[in-house]
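Scroll down for the structure; my scribbles are underneath it.
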Amino acid sequence: MGKPSHRWLVFAILGLIANASVAWCATDCPQFYADEKAPGPPHTSIGRGAHELCFSFFAVMYSPETRTPLWSAEHLTAADVKKAARVPRRDRYHAEDRLPEDEQAENADYAHSGFDRGHMSPDNDMPTKVSEQESFSLSNMVPQAKRLNEGLWRSLEGYVRKMATKDGELYIVTGPVFEEGDEQLHDRVTIPSFTFKAIYDPALGGAAAYLATNVNATSCKVISIAKLRTMVGFNPFPGVSSTKSIPLPVPRRVRDQPGVCG
DNA sequence: CGGGCCTCCCCT
DNA sequence: AGGGGAGGCCCG
């Protein structure tokens, strides 16, 4: 059995390493990720050329193809929420100058488009002045339907902060879901069909995600991480072994019928 | 880059 | 029902 099985073992180990490197990704800011393991770019073509950008309170996987983040990740604690409430909001939407110019999204791309520059990691989570400004980088923005952004999405962000306060800490990964045929702003910035917000709650030992259609007649549901993975092509929490689902808070009242998550 | 405006959430 | 605050737009 000597040689062949030994050789087989080497290949098996190499295979495991290869699988591992597909599952997560080298990172410059492990502190934002559950078990310090960053999600990768999607294995689809949209992930081509995507790379991580670290900020002081969050990090994004930026795609030059879509000129949007593919995900934006935070580690939000109860203390952060408390601090963030005292940081005044200053709207300073800006192109991300750490990117090569031809990769950048610009304010002009969104102007008069009818779409909001929707935060992925939200402004209101940012516990410091610096991170608050950083959250206005267009590398943290996606074209989002106005009613969704100002309505349902905003309330979801509020629930998540409340949840972080109650349970102590959360790992949050937020981003767009693209589909074949999605249109672009100015042939430059791709408009996603959905946005998602995935939550890993260490206190509950599980995770789940919101998924909202990116239209003004908002509809929203809560899905499992496994389901989200099939939609986006990457694992938002590669460091989390348990895929146990947890309940996510949902809007109490209904304004326009399809606006509830369920 | 400030200021006026809009819509919507959420608390009272 | 009302009002403050939040997310974002546009125009000087």
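Below, read A as the first sequence line, B as the second, and so on, with proteins coming before strands; counting in each chain starts at 1.
The CG-C1' distance, from A:Asn216 to B:dC6, rounds to 14 Å in whole Å. Atom CG in A:Leu156 sits roughly 16 Å away from atom P in B:dC8 (whole-Å rounding). To the nearest angstrom, P of B:dC8 lies 9 Å from NZ of A:Lys146. One atom, NE2 of A:His94, and another, C1' of B:dC1, lie 15 Å apart when rounded to the nearest Å. As rounded to whole Å, 12 Å separates atom P of B:dC8 from atom CG of A:Asp116.
Cluster note: A:Tyr33 groups with A:Phe32, A:Ile46, A:Met61, A:Leu70, A:Trp71, A:Tyr171, A:Val173, A:Val177, A:Phe178, A:Phe194, A:Phe196, A:Tyr200, A:Leu211, A:Ile223, A:Ile225, A:Leu228, A:Met231, A:Val232, A:Phe234, A:Phe237, A:Val240 through ILVMFWY side-chain heavy atoms spaced under 4.5 Å, whether in direct contact or through intervening members. The hydrophobic cluster analysis finds A:Val130 isolated: no Ile, Leu, Val, Met, Phe, Trp or Tyr side chain comes under 4.5 Å of it, directly or through other members.
On the nucleic acid side, DNA chain C has its first and last nucleotide under 4.0 Å of a heavy atom of chain A at C:dG5 to C:dC11, going 5' to 3'.
Pairs engaging residues 99-135 of chain A under the ring-ring contact (aromatic ring centres under 6.0 Å, His included) rule: A:His119-A:Phe136 [sequence neighbours left out]. Screening residues 222-231 of chain A for side chain to side chain donor-acceptor pair (under 3.5 Å) gives no qualifying pairs among residues at least two apart or on separate chains. Sequence neighbours left out, not one pair with a member in residues 96-147 of chain A passes disulfide bond (SG atoms under 2.5 Å apart). Applying the disulfide bond (SG atoms under 2.5 Å apart) rule to pairs touching residues 31-139 of chain A yields A:Cys29-A:Cys54, sequence neighbours excluded. Identified under the disulfide bond (SG atoms under 2.5 Å apart) test for residues 116-166 of chain A, with sequence neighbours left out: none.
Remark: A:Arg89, A:Asp91 in residues 77-92 of chain A come within less than 4.0 Å of DNA chain C through at least one heavy atom. Near DNA chain C, defined here as any heavy-atom distance below 4.0 Å, there are no residues from residues 130-143 of chain A.
Side-chain N/O atoms of A:Asn140 and A:Ser72 include a donor and acceptor closer than 3.5 Å. One side chain, A:Asn107 or A:Arg117, offers a donor N or O that lies under 3.5 Å from an acceptor on the other. No hydrogens or angles considered: a donor-acceptor pair under 3.5 Å links the side chains of A:Glu103 and A:His51.
Side-chain atoms of A:Asn149 do not come within 3.5 Å of backbone N or O of A:Gly118 as any donor-acceptor pair. Looking only at distances, a side-chain donor or acceptor of A:Asn214 sits under 3.5 Å from a matching main-chain atom of A:Pro143.
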Provide a list of protein-nucleic acid N or O atom pairs under 3.5 angstrom, restricted to nucleotides 3-5 of chain B.
none

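Backbone-only engagement by A:Gly118 is indicated by non-hydrogen atom pairs under 4.0 Å involving sugar-phosphate atoms exclusively.
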Enumerate donor-acceptor pairs with a distance under 3.5 Å from any side-chain N or O in residues 73-80 of chain A to protein atoms, sequence neighbours excluded.
residue	atom	partner	partner atom	Å
A:His75	NE2	A:Glu169	OE1	2.5
A:Thr77	OG1	A:Ala79	N	3.4
A:Thr77	OG1	A:Asp80	N	3.1
A:Thr77	OG1	A:Asp80	OD2	2.9
A:Asp80	OD2	A:Thr77	N	3.0

